[in-house]
Asks: 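To start, I am sharing the structure in question, which I have written as structure tokens.
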There are 2 protein chains.
Amino acid sequence: MDTVGLRQRKKQRTREALIEAAVALFCANGYDATTVDQIAEAVEVSPRTFFRYFTSKQDIALSLADEQITAMLTAFEAQPAGLPVLTAMRQAVVEVVRAAAASAPHGRMRDLVSGSPALTAARFERGSARLDEVARLVGARMGVDQATDPRPRLMAAVALCAVPTAVDAWRSAGRDEPDADLVEQAFDLLAAGLDYPAAEISEPR
Amino acid sequence: MDTVGLRQRKKQRTREALIEAAVALFCANGYDATTVDQIAEAVEVSPRTFFRYFTSKQDIALSLADEQITAMLTAFEAQPAGLPVLTAMRQAVVEVVRAAAASAPHGRMRDLVSGSPALTAARFERGSARLDEVARLVGARMGVDQATDPRPRLMAAVALCAVPTAVDAWRSAGRDEPDADLVEQAFDLLAAGLDYPAAEISEPR
DNA sequence: CGTCATTCTGTCAGTCAATGACAAGTGTCG
DNA sequence: CGACACTTGTCATTGACTGACAGAATGACG
């Protein structure tokens with residue numbers, strides 16, 4: 001096989017160089033102001049080649065986010081078997097977020113993604129695309145069939161969509177705590193249930 | 001004032017004609033295969049004018065989704081004051097989804113949106129954009145300050161992101177029930193809490 | 001009614017993302 | 001080395017979107 005062929009190594013290096021250049025340019029000039037041509041030029045490949053490595057400009061911006069979902073899946077599987085599912089999910093997400101906070105490129109990209117509506121939207125697209133994968137693991141851990149039981153998919157939707165959205169919303173509302181803490185809090189609230197009572201006292205008129 | 005000026009009425013008519021033409025073309029040929037030029041031509045305006053009414057092609061596709069969020073907010077406010085917040089939210093969403101199911105253009109657009117990843121992502125963008133609005137109403141109903149209490153925003157994120165995502169996932173997994181029923185189920189599950197236990201019996205090896 | 005300012009629209013030119021087709025270069029393997 | 005597959009660059013094209021400018025429609029007012 002060609003596991004370590006020169007050709008493969010070259011491709012891998014090009015791919016990494018493209019990501020590195022893209023992240024640098026995005027951080028320096030912003031996502032929208034960075035053109036594919038600039039990224040390609042920084043790595044000295046043709047713009048056409050860029051699109052042979054990444055299907056779109058969004059694609060490269062979200063390659064890191066993609067890795068995070070994969071990492072989250074791995075972490076989720078690694079959780080002790082007896083753990084309640086939501087707890088296992090929380091641990092997995094927190095682990096990944098902690099690791100990302102310590103990594104410079106991930107940290108910079110997080111701000112970029114939450115700063116650009118287009119990227120925020122694209123991140124959801126990624127999440128939705130991998131929702132089945134997450135649901136499958138959740139179902140396995142619960143010992144139910146994710147094809148017939150709706151709960152695994154619902155939990156996947158919550159983990160992939162509601163939690164990041166809530167964290168983003170909290171951040172933009174001025175909460176400066178580390179992401180991991182906000183994630184913990186989101187899961188705590190979800191575990192406690194959302195069935196809040198209405199205000200008891202009728203407002204003064 | 002110019003509340004009913006000829007100019008205003010004309011603009012309104014153009015806007016509606018554009019939406020109508022866009023929906024028709026999207027349904028006939030699909031979202032991606034429909035060009036802005038085609039939409040503009042169908043209404044006999046210049047393509048440039050299209051972008052003076054809608055900021056993007058996605059924008060016009062989601063104008064209906066936008067109306068639904070607004071309708072949901074109205075319905076939420078109209079719920080009886082004593083209702084638990086999650087129940088009120090569920091009623092509001094169900095009402096809107098029911099109404100949409102009865103409306104031909106909304107129904108067709110729903111399939112279009114869930115069929116196109118780009119539109120699904122864009123719908124989230126819309127949702128996130130209005131998350132604060134929703135959170136404010138939720139906070140008001142709970143009698144808490146949405147600036148300091150994280151729960152309203154979390155619930156808004158769940159209602160705007162997790163529920164639609166779960167419903168989409170269920171549909172694509174083959175569940176054919178009416179959307180309203182799926183929404184009810186999602187909220188029921190959320191009200192019951194997500195803290196599912198792990199499977200008790202270790203799998204055979 | 002005529003004039004002027006405002007607002008809306010069309011035309012034009014241009015940028016950028018993305019894709020198909022073809023040719024030329026580079027790695028792989030017998 | 002030489003046939004072959006894979007990768008890349010060049011070229012051309014489409015489609016979304018924007019800025020600038022000119023001209024037409026509209027509304028306000030004397």
Side-chain angles (χ1 to χ4, degrees), chain A residues 1-19 21-23 25-26 28-63 112-113 116-119 121-122 125-126, chain B residues 1-19 21-23 25-26 28-63 112-113 116-119 121-122 125-126:
Chain A
M1 285 296 177
D2 49 358
T3 37
V4 284
L6 172 57
R7 200 175 260 164
Q8 297 300 316
R9 272 176 288 154
K10 245 180 158 176
K11 278 187 73 174
Q12 190 58 31
R13 256 185 287 132
T14 303
R15 186 186 155 84
E16 283 161 10
L18 281 171
I19 293 179
V23 171
L25 285 167
F26 288 160
N29 310 328
Y31 174 75
D32 289 330
T34 303
T35 70
V36 170
D37 287 22
Q38 290 172 350
I39 302 171
E41 200 179 0
V43 186
E44 292 181 312
V45 295
S46 76
R48 188 65 182 86
T49 294
F50 173 92
F51 287 104
R52 294 195 174 103
Y53 282 87
F54 301 94
T55 60
S56 67
K57 198 172 97 171
Q58 284 183 353
D59 191 29
I60 196 171
L62 292 175
S63 56
L112 240 90
V113 169
S116 156
L119 283 182
E125 198 180 329
R126 289 301 175 97
Chain B
M1 285 294 179
D2 48 357
T3 37
V4 284
L6 170 58
R7 196 174 265 165
Q8 298 299 317
R9 272 176 288 153
K10 243 183 161 176
K11 278 188 72 173
Q12 190 58 31
R13 255 185 288 135
T14 303
R15 187 186 154 83
E16 283 160 10
L18 281 171
I19 293 179
V23 171
L25 285 166
F26 288 160
N29 310 328
Y31 174 75
D32 289 330
T34 303
T35 69
V36 171
D37 287 21
Q38 290 171 353
I39 302 172
E41 200 180 359
V43 186
E44 292 181 311
V45 296
S46 76
R48 187 68 184 84
T49 294
F50 173 93
F51 287 104
R52 293 195 174 102
Y53 281 86
F54 300 94
T55 60
S56 68
K57 197 172 97 170
Q58 286 182 353
D59 192 28
I60 195 171
L62 292 174
S63 57
L112 243 96
V113 169
S116 156
L119 283 182
E125 197 179 330
R126 288 303 174 95

Asks: Write down the distance between CG (B:Leu18) and C1' (C:dT9), rounded to a whole number of angstrom.
Replies: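 Nearest whole value for this atom pair: 13 Å.
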Asks: Measuring from atom OG of B:Ser116 to atom CZ of B:Phe26, what distance do you get when rounded to the nearest 0.5 angstrom?
Replies: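 Answer rounded to 0.5 Å: 9.5 Å.
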Asks: Taking only residues two or more places apart in sequence, or in another chain, which ones meet B:Arg7 in a side-chain contact (heavy atoms from CB on, under 4.5 Å)?
Replies: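 side-chain contact (heavy atoms from CB on, under 4.5 Å) check on B:Arg7 returns nothing, list empty.
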Asks: For C:dT26, does the base pair up with any side-chain atom of A:Arg7 as donor and acceptor (N or O, under 3.5 Å, distance only)?
Replies: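 Such a pair exists between side chain and base.
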Asks: Write down the distance between CD (A:Glu44) and P (D:dG9), rounded to a whole number of angstrom.
Replies: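 Going from CD in A:Glu44 over to P in D:dG9 covers 10 Å.
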Asks: CZ of A:Arg15 versus C1' of D:dT7: gap in Å, rounded?
Replies: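 Computing the A:Arg15:CZ to D:dT7:C1' distance gives 16 Å.
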Asks: Please determine, for the side chain of A:Val45, which listed nucleotide (C:dG27, C:dT6, D:dG9) has the closest atom?
Replies: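 That would be D:dG9.
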Asks: Within this structure, what is the CG-NZ distance for the pair A:Leu119 and A:Lys57, rounded to the nearest 0.5 Å?
Replies: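 Rounded to the nearest 0.5 Å, the CG-NZ separation comes out at 8.5 Å.
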Asks: If only side-chain N and O atoms count, and only distance matters, is there a donor-acceptor pair under 3.5 Å linking A:Glu16 with A:Gln12?
Replies: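 A:Glu16 and A:Gln12 do have a side-chain donor-acceptor pair below 3.5 Å.
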Asks: Can you check the A:Asp32 CG to D:dA16 P distance for me, whole Å?
Replies: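 Spelled out: CG on A:Asp32 to P on D:dA16 is 18 Å.
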Asks: Distance check needed: C:dT11 P versus B:Glu41 CD, whole Å only.
Replies: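 Going from B:Glu41 (CD) to C:dT11 (P), I get 12 Å.
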Asks: Check the distance between D:dA16's C1' and B:Leu119's CG and give it to me in whole angstrom.
Replies: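 Going from CG in B:Leu119 over to C1' in D:dA16 covers 14 Å.
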Asks: Using modelled atom types only, decide if a donor and an acceptor are shared between the side chain of B:Gln38 and the backbone of B:Thr35 within a distance under 3.5 Å.
Replies: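 Side chain of B:Gln38 to backbone of B:Thr35, a donor-acceptor pair under 3.5 Å: yes, one is there.
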Asks: Using the closest heavy atom to pick a nucleotide of DNA chain D for each, name whichever of A:Lys10 or B:Pro47 lands nearer the 5' end.
Replies: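 The residue mapped nearer the 5' terminus is A:Lys10.
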Asks: Under a 4.0 Å heavy-atom cut-off, which of residues 48-62 of chain A touch DNA chain C?
Replies: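 Those residues are A:Arg48, A:Phe51, A:Arg52, A:Thr55, A:Ser56, A:Lys57.
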Asks: Send over the distance from B:Phe26 CZ to D:dA16 P, rounded to a whole Å.
Replies: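 It is 9 Å, rounded to the nearest whole Å.
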Asks: Would you classify A:Ser46 as touching base, sugar-phosphate or nothing, given that sugar-phosphate means primed atoms plus P, OP1 and OP2, and contacts are heavy atoms under 4.0 Å?
Replies: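 Base, at least one base heavy atom under 4.0 Å.
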Asks: If you round to the nearest 0.5 Å, how far is CG of B:Leu62 from CD of B:Glu125?
Replies: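 It comes to 8.5 Å.
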Asks: Quick one: is D:dT7 close enough that its OP1 or OP2 comes under 4.0 Å of any side-chain N or O from A:Lys11?
Replies: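 Answer is yes, contact under 4.0 Å.
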Asks: Please examine the side chains of A:Arg126 and A:Asp59, heavy atoms only from C-beta on, and report whether any two atoms are closer than 4.5 Å.
Replies: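 The answer is yes; the side chains approach within 4.5 Å.
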Asks: Grab the CZ-P distance between A:Arg13 and D:dT7 for me, whole Å please.
Replies: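 Atom-to-atom, A:Arg13 to D:dT7, this comes out as 15 Å.
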